[in-house]
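All remarks here apply to the structure that follows.
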There are 2 protein chains.
Amino acid sequence: MNDGDEGAGQEPRPKRADARRNEETLLNAAATVFLTSGVEAPVRDIAAEAGVGMGTIYRHFPTRADLIIAVYRHQVERLAESGPALLETSATPHAALGEWIDLFVDFLVTKHGLAGVLQSDNAGFETLHAYFLDRLVPVCTQLLDAAAESGEIRSDLQAYELMRGVGNLCIGADSDSLYDARRLVELLVAGLRQPR
Amino acid sequence: MNDGDEGAGQEPRPKRADARRNEETLLNAAATVFLTSGVEAPVRDIAAEAGVGMGTIYRHFPTRADLIIAVYRHQVERLAESGPALLETSATPHAALGEWIDLFVDFLVTKHGLAGVLQSDNAGFETLHAYFLDRLVPVCTQLLDAAAESGEIRSDLQAYELMRGVGNLCIGADSDSLYDARRLVELLVAGLRQPR
DNA sequence: TGGGCAAGCGGAGCCTCGCTCCGGAAACGA
DNA sequence: TCGTTTCCGGAGCGAGGCTCCGCTTGCCCA
């Protein structure tokens with residue numbers, strides 16, 4: 001509720017034009033740099049790519065987490081919205097859960113290093129962690145509950161744990177390499193099935 | 001074979017007394033610091049704890065990976081040896097696999113941050129990665145093969161992938177928190193069962 | 001249109017951390 | 001005791017995160 005994107009309470013101030021322009025520029029630059037150098041790229045690089053000073057980055061996005069959130073917000077929102085939709089269109093709730101998790105894995109795997117940073121216990125990423133949790137755990141809970149109710153899976157696992165497990169499995173899975181995170185996640189989800 | 005611990009080929013030189021003493025001191029200091037600050041603790045801290053200069057650390061252990069390996073070598077060896085033993089004493093190969101993986105998880109979870117560093121793609125940790133792989137993957141393969149032969153589990157998963165998955169699941173699981181890596185690993189192993 | 005001023009900008013600079021390098025100290029053999 | 005060789009310590013460099021403050025610029029009002 002209150003996803004105040006630009007109007008929190010009473011309009012504080014209209015924000016200057018150059019500031020808005022810079023924010024836009026920064027978002028694009030960050031997206032570019034994240035793509036090539038990963039989400040842990042040096043702040044200086046992002047500033048350089050955007051052609052602004054570092055102060056500007058820190059003013060708009062006090063922590064790296066804020067920047068990452070801003071860059072990927074759209075995709076996360078779409079992921080969150082797809083949960084209920086899948087529940088409608090899929091054959092069974094368990095299938096819906098599986099497909100949704102697939103989308104989640106796709107998202108993480110294509111964002112170089114995001115999974116790692118998400119689980120990192122380094123200070124400064126709690127915001128990021130919290131955002132993902134706030135946005136996605138409820139969706140996952142809904143899918144999980146539906147599947148549990150239909151008796152397809154065991155019901156003793158929290159959505160938080162499942163998502164964190166999936167996130168962990170995606171660490172270091174950059175579409176190359178001998179490590180296929182999707183396989184492992186499949187196994188994990190398979191392990192959820194009721195052992196009837 | 002040739003686990004040359006101190007005699008590689010022809011004895012090169014007897015090594016000075018103070019050097020040996022320092023190595024011992026460093027190992028203890030590192031163990032202590034790893035325990036309190038995790039395996040990514042600043043090198044300076046370890047040097048301080050040991051009461052030596054940083055040069056001394058780097059001379060004995062050129063990379064952090066070397067130091068970590070030295071500190072945990074004993075435990076890893078014991079883990080490796082326990083594989084065949086479990087195969088003897090356990091009810092079924094799949095049970096043996098499960099128990100061995102439990103030991104692996106215990107090891108990772110009690111070493112603050114080790115799992116994270118193991119999967120990290122930062123340069124400098126390949127040695128560590130390689131050591132764990134060399135030492136443990138064959139053991140895991142043996143257990144996996146035995147379980148596959150007995151028809152208990154699917155046979156399309158490499159030991160490497162399994163271990164990496166387990167390692168990933170252990171990231172950030174520091175015995176506290178709402179995240180119980182053991183549970184997730186159990187699920188993963190359960191997912192391995194033949195879906196007959 | 002022009003003047004005043006807060007919002008905004010940029011990057012020098014400080015801090016931490018990894019790692020190197022070399023002058024000096026200490027051990028060992030004769 | 002002395003020479004040689006090994007070993008030690010920490011100053012110092014580069015990289016990266018983050019801050020701070022003097023300068024610039026958009027905006028509003030007369």
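Lettering of chains follows the sequences in order, A, B, ..., and the numbering in each one begins at 1. Treat the numbers as computed from the prediction; the structure is a model and nothing was measured.
Here the C1' atom of nucleotide D/dC8 and the CZ atom of B/Arg20 are 17 Å apart, to the nearest Å. To the nearest angstrom, C1' of D/dT24 lies 13 Å from CZ of A/Arg21. Distance NE2 (A/His60) to C1' (D/dT19): 16 Å, rounded to an integer number of Å. One interatomic measurement links the two molecules: OH of B/Tyr58 to C1' of D/dC7, which rounds to 18 Å at whole-angstrom precision. At whole-Å resolution of the value, CD in A/Glu40 and C1' in D/dA15 are 15 Å apart. At whole-Å resolution of the value, CZ in B/Arg16 and C1' in D/dC8 are 8 Å apart. Separating the CG atom of A/Asp66 from the P atom of D/dG17 is a distance of 15 Å, rounded to the nearest angstrom. Going from atom CZ of A/Phe125 over to atom C1' of D/dC18 covers 14 Å, rounded to whole Å.
The salt bridge (charged side-chain N to carboxylate O under 4.0 Å, His left out) test applied to A/Asp156 returns A/Arg154, not counting sequence neighbours. Applying the salt bridge (charged side-chain N to carboxylate O under 4.0 Å, His left out) rule to B/Glu149 yields no partners; only residues at least two apart in sequence or on another chain are considered.
A cation-pi contact, defined as under 6.0 Å to the ring centre and within 45° of the axis, links B/Arg73 to B/Tyr131.
Comparing A/Gly55 and B/Asp18 against DNA chain C, the residue whose closest nucleotide sits nearer the 5' end is A/Gly55.
Closest to the side chain of B/Thr56, from the set D/dC8, D/dG17, D/dG26, is D/dC8.
The two residues B/Tyr179 and B/Ile171 have their closest heavy-atom pair at CE2-O, 4.0 Å. Taking both residues in full, the closest heavy atoms of B/Arg164 and A/Gly172 are given as NH2-O, 3.0 Å, listed atom of the first, atom of the second, then distance.
Phosphate contact (OP1/OP2 of D/dC8, side-chain N/O of B/Asn22, threshold under 4.0 Å): present. Remark: B/Arg59 is in phosphate contact with D/dC8, judged by side-chain N or O atoms under 4.0 Å from OP1 or OP2.
A donor-acceptor pair shorter than 3.5 Å cannot be found between the side chains of A/Thr25 and A/Asn22.
At a cut-off of 3.5 angstrom, the base of D/dG12 holds at least one donor-acceptor pair with the side chain of B/Arg44.
Within the model, atoms CG of A/Leu118 and CZ of A/Phe132 stand 5.0 Å from one another, a figure rounded to the nearest 0.5 Å.
Taking 4.0 Å as the cutoff to heavy atoms of chain B, we find the contact window on DNA chain C bounded by C/dC17 to C/dC28.
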